[in-house]
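Working notes, beginning with the structure itself.
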Amino acid sequence: MVSHGRAKHSRHESLVRAAIDSTADGILVIDVAGKVRLFNSQFCEMWKIHPEFLEGQDDNRLLEYVLSQLEDPAEFLERVRGLYAQPELESFDQIRFKDGRTIERLSKPQRVGSQIVGRVWSFRDVTQRKLAENALRQAIRVRDEFLSIASHELYTPIHSLMLALQMLSPTENHPPTPPDVAARMIDLAIRQVQRLAKLVGSLLDVTRVDAGTLKLAPETFDLGAVVAEVAERFAADLSRSGSELVLDLSRGIEGSWDRSRIEQVVTNLLSNAIKFGMGNPIEVSVRRVEEPTRACAVLHVIDHGIGIAPDQLRVVFERFVRAVPADHFGGLGLGLYVCRKIVEAHGGSLAAASRVGEGSTFTMFTMALPLTHRGDDQ
Ligand SMILES: Nc1ncnc2c1ncn2[C@@H]1O[C@H](COP(=O)(O)OP(=O)(O)O)[C@@H](O)[C@H]1O
Ligand SMILES: [Mg+2]
């Protein structure tokens, strides 16, 4: 225990000092003449003050010493002066330090009987609590934003679906729809239902990933062949966006993977590349990389579109994160989150590199089966 205050003190005084040294708070007592009467080691640590400097110190000099540590020294000084001007006042507030700490400050008059003989200041470091509060606030903000985007995203296909069905349903003032229009409406309705199913599917996936119940059904397949199949499904989207798809798919790279989940990853990466690719060419490759102890399958999806800013790049794999304004691009910000979890569940990794205005590269690494595993029939 560190003992402070005047050099000689009674047993009673020692007990008091021992008691205040055994609290979590920094404590400082100033008498009516503005002199330091008592303090504990926590106070010295918090304010980075040597105990000898404090001994019998004048409060004004103490203030001068501590001000440089604060984010807003003027406000601090004003409050302290205000309290000394009105000795009977109590106060409770927070002080922010330049080094990022937040300290709660409680100040009360020290009374002996009815007489005020000084002022007691106690300080509590609440930095960790503050950080947790801020993280929580941020999480709530992200969730609220997500709810607003999700409801909008879900409503849009419902609205189109409703319109298509209304066109198909004959009413008094609207004769039966000609067959060619009806066929178009049915087509539209199917597309909207598919869109809804996709949105609900990603919500379900997030629930599964977060609950740790994402189940994999591994089978052995050729990654290049599956990527080629997925790519074919994007023919219409590619021609709409104007992006040319350049495939470089090595065949014979096999692994023990969940086929539909890997398809989902490739689908997501490719749809992002088309969505954010500004109509520029998109390159997709599958290669085999032999490492000393294992073989890896490496998938690259490269676009030359809008790219992702560095501060966004750090968080694009997080839940609900969208690095673009909602009114420009749709999407729930869940695709990459789910993709990374799927790849990690396979023991692999999914990473992104990007430059704003130049494009993005997404790379998936997963374990591949050794070449020798293939049977004689292959
Ligand atoms: N290829 C890409 N180019 C530029 N930005 C991208 C690309 N892929 C993803 N992003 C950014 O990352 C965010 C998250 O992507 P994702 O999780 O797939 O969600 P969503 O597509 O639903 O917005 C996107 O909103 C976008 O801002
Ligand atoms: Mg996406």
Side-chain angles (χ1 to χ4, degrees), residues 138-139 141-157 194-210 214 227 230-231 233-234 237-238 240-247 261-285 299-345 349-364:
Q138 165 73 0
R141 198 183 57 73
V142 168
R143 191 207 55 188
D144 288 350
E145 220 173 86
F146 169 75
L147 280 177
S148 127
I149 288 172
S151 35
H152 186 79
E153 286 282 311
L154 289 167
Y155 186 73
T156 311
Q194 283 169 341
R195 204 169 143 191
L196 276 173
K198 229 175 86 188
L199 287 167
V200 175
S202 36
L203 291 175
L204 279 173
D205 279 345
V206 170
T207 315
R208 286 195 197 107
V209 161
D210 289 346
L214 185 82
V227 173
V230 172
R233 289 180 218 148
F234 278 93
D237 291 325
L238 284 161
R240 255 196 304 274
S241 76
S243 283
E244 181 200 355
L245 184 60
V246 183
L247 296 176
R261 291 296 178 188
I262 293 294
E263 281 183 10
Q264 187 180 349
V265 173
V266 179
T267 302
N268 262 299
L269 295 181
L270 200 46
S271 72
N272 280 350
I274 295 171
K275 183 160 135 192
F276 303 110
M278 289 169 36
N280 294 325
I282 294 166
E283 293 129 45
V284 176
S285 66
L299 166 82
H300 282 298
V301 178
I302 303 171
D303 70 67
H304 303 279
I306 63 170
I308 306 167
D311 58 327
Q312 297 287 347
L313 194 58
R314 276 192 291 275
V315 292
V316 279
F317 289 103
E318 285 178 18
R319 251 176 4 157
F320 311 140
V321 167
R322 300 160 32 98
V324 286
D327 45 354
H328 277 75
F329 295 97
L332 297 179
L334 296 176
L336 289 179
Y337 172 73
V338 171
C339 284
R340 180 176 260 184
K341 295 288 181 188
I342 289 174
V343 177
E344 285 174 354
S349 66
L350 181 61
S354 185
R355 267 175 200 276
V356 173
E358 291 182 21
S360 310
T361 298
F362 285 83
T363 307
M364 174 182 86

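Because the structure is a prediction, the values reported are computed rather than measured. Order of appearance sets the numbers: ligands from 1, and atoms from 1 within every ligand.
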Thr156 side-chain N/O to His152 backbone N/O, donor-acceptor pair under 3.5 Å
yes
When Ile342, Thr363, Leu299, Val343 are each screened for side-chain contact (heavy atoms from CB on, under 4.5 Å) with Leu350, the one that passes is Val343
Test side-chain contact (heavy atoms from CB on, under 4.5 Å), reference Val230, set Val266, Val284, Leu269, output is Val266
Salt bridge (Lys or Arg N to Asp or Glu O under 4.0 Å) against Arg143, all qualifying residues, sequence neighbours excluded
none
Could you please give the number of protein N/O/S atoms within less than 2.8 Å of the Mg ion (ligand 2)?
1
By the side-chain hydrogen bond (donor to acceptor under 3.5 Å, both in side chains) test, which pairs, at least two apart or in different chains, include something from residues 303-312?
Glu283-His304
Tabulation required: pairs of a nitrogen or oxygen in ligand 1 and a protein nitrogen or oxygen under 3.5 Å; columns are atom names and distance to 0.1 Å; otherwise 'none'.
unit_1   : atom_1 : unit_2 : atom_2 : d
ligand 1 : 1 (N)  : Asp303 : OD2    : 2.8
ligand 1 : 3 (N)  : Ser360 : OG     : 3.3
ligand 1 : 8 (N)  : Asn272 : ND2    : 3.4
ligand 1 : 17 (O) : Gly335 : N      : 3.2
ligand 1 : 17 (O) : Leu336 : N      : 2.7
ligand 1 : 18 (O) : Asn272 : OD1    : 3.2
ligand 1 : 18 (O) : Asn272 : ND2    : 2.8
ligand 1 : 19 (O) : Gly333 : N      : 3.4
ligand 1 : 21 (O) : Asn272 : OD1    : 3.2
ligand 1 : 21 (O) : Lys275 : NZ     : 2.9
ligand 1 : 22 (O) : Leu332 : N      : 2.9
ligand 1 : 22 (O) : Gly333 : N      : 2.7
ligand 1 : 25 (O) : Ala323 : N      : 3.4
ligand 1 : 27 (O) : Ala323 : N      : 2.8
ligand 1 : 27 (O) : Val324 : N      : 3.4

Report yes if the side chains of Ile149 and Phe320 come closer than 4.5 Å at any heavy-atom pair, otherwise no.
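In short, these two side chains do not touch, never coming nearer than 4.5 Å.
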Do Leu270 and Arg233 have side-chain heavy atoms sitting under 4.5 Å apart?
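Not touching, per the 4.5 Å side-chain cut-off.
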Non-hydrogen atoms of Gly359 and Ser354 that approach each other most closely:
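Residues Gly359 and Ser354, closest heavy atoms: O-OG, 2.9 Å.
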Out of curiosity, Asp205 CG to Asn268 CG, how far, rounded to the nearest 0.5 Å?
9.0 Å
